[in-house]
Amino acid sequence: MTSVKTESAYVVYKMGKLLDQSVSMLDPLDFDEYFVNGTFSKFATSDDIGPLLGFLSDVVGVVTLESIKSLDEVSAMAAARDLNMVASAVTKFGVPMHEFPHLEELLLMLAEKTNEVPTDTVFGYGSRNPVGSRQRSFTRTEEEALFIESFSGGMNSLMATLAGLETIQSMNISDSRYAPLVKESAQYLYQMQKAILRVRKHITPDFFTHQLRPFFDPKTIRGKTYFAAGGAQMPVTIIDLLLWGIEDVDRTYVGYRNENLRYLPRSYRSKVEVIMGRPSVLKSIKTQISQPLPSSAVPTVANTIESLKELADQLIRFRGPHLSVAKANMRIRQEGSVGSGGYDVSILQYLIKRTKGFKNQLALVQQAISQGSP
Ligand code: HEM
């Protein structure tokens, strides 16, 4: 039977997941105790930076460049996860990173080892974050635990959606496996919808905006500014890319996409290179229907197109409530406030519009097929 998880495209995602799980188990800097006993969050949430500065000199200060140099790649990812939590806590106090040259140097060396950006990402904060008492958290609140789990859970299911869409990217639209693969891919997206609905229910705008968001400000490391962990770094960007984004030259889209793709781990960035070497799903469909279809293929193709429209609807079932969560937060912030990725809600409205645009294009394809003309 056709299943996304038995497709070869899934293997690399699955390996990425195993890698993240391995990272979550590691504690190369021996920081576990500070997260488990609450010391770190006590310092991070204090009104006074003093205790955190003490932590920086007593604990981070003794981490040597030599010890970082000797780490293997997976351990380096775990070390980066933990040191980036510290860097974010420092940034929350409004102290620029260059005041901590040792920390900057450690982060840059880790980035070299991991081939990733020298800042916190949704992978470090979500998928590579240990579960249970070892969880790395700024506030040690139930709300933050739920927030972290929304990212890690969402990411798990996104992998399967991506593998499914990657498989159909070069598939013939009259292949009977096409629609089942798309339907299954859409089902995995349901996890994202569930996650955002839970966030909307359990995390108030007041809590998020005033207690959590301050830990997600951008930081400047050796003159370069990096955004903090955030949803825009989730590979939902790759879904848009696969569906319609490859040939798209709209400046808003290309700028947003390129900005966020650079925060992805190497395995995802390699996937993106392969994906971008082929036509998008939309382009491929348009090319395929530009030739007359044999009448026997029409019902299967109609099913294919319908399944993609349903997937777009499922994506909107995440993006719609997510927009309302973001708007509710922005309403209580100062005018001009942005998300952790540096964007205001207009980017979310834009992406919803583009997803609906994709669906409209599919409707036109349906019309062309039913009229029997390309
Ligand atoms: C209080 C909670 C949240 C707020 C206020 C919020 C706000 C935002 C904002 C303003 C953006 C635009 C990019 C940026 O500047 O960061 C964004 C993007 C995004 N966020 Fe969230 N977010 C929240 C929770 C979540 C959760 C829990 C998830 C995942 C389960 C998520 C997934 C995404 C995704 C995938 C994007 C990229 C845009 C898209 O593909 O539609 N967000 N978010």
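Not measured: the values here are computed from a predicted model. In each ligand, atom 1 is the first atom listed, and ligand 1 is the first ligand listed.
Donor-acceptor pairing under 3.5 Å is lacking for the side chains of N258 and Y253.
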Between the protein and ligand 1, are there any N or O atom pairs that come within less than 3.5 Å of each other, and if so, what are their names and distances?
residue, atom, partner, partner atom, Å
ligand 1, 15 (O), G341, N, 3.1
ligand 1, 15 (O), G342, N, 3.1
ligand 1, 15 (O), Y343, N, 2.8
ligand 1, 15 (O), Y343, O, 3.3
ligand 1, 16 (O), S340, N, 3.4
ligand 1, 16 (O), G341, N, 2.8
ligand 1, 20 (N), H322, NE2, 2.8
ligand 1, 22 (N), H322, NE2, 3.0
ligand 1, 40 (O), R319, NE, 3.4
ligand 1, 40 (O), R319, NH2, 2.8
ligand 1, 41 (O), R319, NE, 2.8
ligand 1, 42 (N), H322, NE2, 2.9
ligand 1, 43 (N), H322, NE2, 2.9

>> Determine whether D250 and V254 satisfy the following criterion, side-chain contact (heavy atoms from CB on, under 4.5 Å), listing intermediate values before the conclusion.
In response: CA-CA 6 Å; D250 185 82; V254 175; 5.8 Å; no
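Here the rule is salt bridge (charged side-chain N to carboxylate O under 4.0 Å, His left out) with D313, and of K356, K359, K183 only K359 fits it.
The environment of E142 atom CD is sparse: at most 12 non-hydrogen atoms of other residues, nucleotides or ligands sit within 6.0 angstrom.
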Contacts under 3.5 angstrom, residues 147-160 side chains, donor-acceptor by atom type, not counting sequence neighbours:
residue, atom, partner, partner atom, Å
S150, OG, L146, O, 2.8
S152, OG, I148, O, 3.2
S152, OG, E149, O, 3.4
S157, OG, G154, O, 2.9
S157, OG, Y188, O, 3.2

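Of the possible polar contacts, one joining the Q233 side chain to the V122 backbone as a donor-acceptor pair under 3.5 Å is found.
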